[in-house]
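The model shown is predicted, which means the values in this text are computed figures rather than measured ones.
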Amino acid sequence: MSKRIGLADIAKQAGVSTATVSRVLNGHAHVAEATRTAVLTAVDLLGYERPESLYTAAQGVVGVIVPELVNPAFGNYAQEIASALIRSGLTPLLGTEFAGGVSEDEYLEALSSLRASGLVFVSGRHADTTADHSRYKRLREQGIPFVTINGSAPSVHAASFVTDDAIGIELAVMHLEQMGHTRIALVTGPQRLIPSARKVEAFRRSMAKHFPEQEPLIEHSLYTPEGGSSAAARAWAAGATAVIAASDLMAIGAIRAADSLGLSVPGDVSVVGYDGSPLSVLTTPGLTTVRHPVASMCRAAVDCLREEIDGGEQEPHEFLFAPDLIVRGTTRARR
């Protein structure tokens with residue numbers, strides 16, 4: 001038999017007293033808007049049925065637009081953003097964009113009609129240099145605050161929160177060099193995507209510093225296991241003994257490609273992923289990966305958005321966050 005949700009449960013979830021919960025549910029006017037939103041969010045999260053009179057009282061809805069959730073890295077972002085929004089007294093509304101589904105423009109139209117307080121974009125068209133960025137200009141004209149995560153084209157004009165790929169790639173190259181690898185390949189996504197282009201730039205710089213006599217080996221594909229497999233197969237065939245993959249999903253594909261060629265990981269070749277997603281601890285062996293500082297990035301993005309929602313002005317600026325390297329079983333010293 002399921003436990004009945006009470007005022008104490010709602011108060012604990014919202015971080016307020018039961019008396020405050022009671023005032024909100026009874027429609028008292030003298031409650032801070034942020035507190036009211038936090039209580040109503042807790043009510044909805046716990047499945048407590050709101051009084052009918054309160055269904056129009058919820059304010060502070062923020063749209064969170066992420067790509068498909070098949071990649072657990074995006075689910076991780078969505079969860080951290082939602083948690084940060086709730087702590088800020090805002091209500092997250094999640095939208096996922098994938099082939100054949102609802103488009104980013106359709107989400108924006110719906111959220112505009114709902115009079116959303118703001119938007120958070122993760123790895124969307126803002127990071128695609130070939131995309132039409134006029135949609136973001138229209139948001140500015142409508143006065144809807146928004147921030148981006150994982151790279152923004154200069155024309156987007158938004159506060160952007162990004163993992164510092166110069167640090168991440170350098171950590172991966174240094175680690176593989178210490179393991180005795182000299183022929184290292186980068187397997188990444190399409191060049192038109194800002195995260196891909198930045199990893200390529202960082203990889204070229206790092207390889208020029210550590211292995212100046214070599215031409216960097218770079219293979220482009222899609223950010224999927226299949227894309228990682230096809231790109232890594234070309235890298236293995238070209239003589240690479242280690243691959244840095246631009247996502248953990250691509251790294252899994254790189255491991256599959258090695259296996260199909262009769263190469264063991266890490267016995268014969270090594271693989272480094274990039275994300276630090278929950279997936280990285282589930283592989284056998286565990287995946288060595290460059291871990292994004294997801295929680296820090298999401299908290300900072302939400303703090304910035306909250307300030308703008310409250311009337312502050314935000315200049316378009318890029319905030320870089322340092323990743324770290326998590327060493328597990330897919331890298332090992334060469335025999």
Side-chain angles (χ1 to χ4, degrees), residues 70-74 76 163 165-190 193 195-196 198-200 202-207 210-211 214-292 294 323-335:
V70 173
N71 186 338
F74 295 132
N76 197 18
T163 298
D165 289 320
I167 294 175
I169 293 296
E170 175 69 4
L171 287 173
V173 171
M174 286 178 60
H175 171 64
L176 291 171
E177 182 185 31
Q178 291 166 1
M179 296 292 101
H181 294 278
T182 59
R183 190 62 172 152
I184 303 168
L186 174 68
V187 169
T188 189
L193 300 181
S196 293
R198 289 187 171 179
K199 288 179 179 65
V200 168
F203 184 69
R204 289 188 182 279
R205 285 200 307 267
S206 187
M207 290 297 288
H210 295 277
F211 307 102
Q214 286 191 31
E215 178 66 25
L217 179 55
I218 300 167
E219 296 290 347
H220 291 277
S221 189
L222 299 177
Y223 282 110
T224 62
E226 294 77 16
S229 181
S230 63
R234 296 192 295 272
W236 300 135
T241 63
V243 156
I244 301 170
S247 74
D248 289 346
L249 284 181
M250 294 189 86
I252 288 174
I255 293 170
R256 290 179 182 173
D259 182 66
S260 68
L261 293 171
L263 302 170
S264 69
V265 177
D268 299 313
V269 293
S270 289
V271 174
V272 177
Y274 211 101
D275 281 337
S277 71
L279 190 67
S280 62
V281 299
L282 300 178
T283 62
T284 303
L287 180 64
T288 295
T289 185
V290 176
R291 181 173 60 185
H292 289 258
V294 175
D324 55 358
L325 180 71
I326 307 301
V327 179
R328 297 195 181 98
T330 56
T331 54
R332 192 171 73 183
R334 295 198 68 197
R335 293 171 180 169

For F203 and K199, run side-chain contact (heavy atoms from CB on, under 4.5 Å): C-alpha distance rounded to whole Å, both residues' side-chain angles, the deciding distance at 0.1 Å, then the answer.
CA-CA 6 Å; F203 184 69; K199 288 179 179 65; 6.0 Å; no
Any donor and acceptor pair, going by atom type alone, linking the side chain of T283 with main-chain N or O of P285 inside 3.5 Å?
yes
Could you tell me whether a side-chain N or O of N76 sits under 3.5 Å from a main-chain N or O of P72, the two making a donor and an acceptor?
no
With V272 as reference, evaluate L325, T289, T330 under the side chain to side chain contact (heavy atoms under 4.5 Å, CB included) test and give the passing residue.
L325
Student check: side-chain heavy atoms of [X] and [Y] closer than 4.5 Å:
{"X": "T241", "Y": "W236", "result": "no"}
{"X": "V187", "Y": "S221", "result": "no"}
{"X": "S206", "Y": "F211", "result": "no"}
{"X": "R256", "Y": "P225", "result": "yes"}

Restricting to non-hydrogen atoms, name the atom on [X] and the atom on [Y] that form the minimum distance, rounded to 0.1 Å.
{"X": "R204", "Y": "P216", "answer": "NH1-CG, 4.1 Å"}
{"X": "G189", "Y": "H220", "answer": "O-ND1, 2.7 Å"}
{"X": "P266", "Y": "G329", "answer": "CG-O, 3.1 Å"}
{"X": "A246", "Y": "T188", "answer": "CB-OG1, 3.3 Å"}
{"X": "A233", "Y": "L261", "answer": "O-CD1, 4.3 Å"}
{"X": "T331", "Y": "V271", "answer": "CG2-O, 3.5 Å"}

Let's go through E170 and H210 carefully: what are the C-alpha distance in whole Å and the side-chain angles of both, what is the deciding distance for side-chain contact (heavy atoms from CB on, under 4.5 Å) to 0.1 Å, and is it a yes or a no?
CA-CA 10 Å; E170 175 69 4; H210 295 277; 2.8 Å; yes
What is the distance from atom [atom1] of [X] to atom [atom2] of [Y], rounded to the nearest 0.5 Å?
{"X": "I184", "Y": "E177", "atom1": "CD1", "atom2": "CD", "result": "7.0 Å"}
{"X": "L222", "Y": "L249", "atom1": "CG", "atom2": "CG", "result": "11.5 Å"}
{"X": "I218", "Y": "M207", "atom1": "CD1", "atom2": "CE", "result": "9.0 Å"}
{"X": "I255", "Y": "S270", "atom1": "CD1", "atom2": "OG", "result": "10.0 Å"}
{"X": "M179", "Y": "R332", "atom1": "CE", "atom2": "CZ", "result": "11.0 Å"}
{"X": "D248", "Y": "D275", "atom1": "CG", "atom2": "CG", "result": "4.5 Å"}

Checking side-chain contact (heavy atoms from CB on, under 4.5 Å) for the pair T163/V290: CA distance, chi angles, key distance, verdict?
CA-CA 10 Å; T163 298; V290 176; 5.7 Å; no
Does anything in residues 221-235 form a salt bridge (Lys or Arg N to Asp or Glu O under 4.0 Å)? List the pairs, not counting sequence neighbours.
E219-R234
Can H175 and T288 be said to form a side chain to side chain donor-acceptor pair (under 3.5 Å), step by step?
CA-CA 10 Å; H175 171 64; T288 295; 4.9 Å; no
Name all pairs fulfilling the ring pair (Phe, Tyr, Trp, His ring centres under 6.0 Å) condition that reach into residues 259-278, sequence neighbours left out, sorted by first residue then second.
Y274-H292
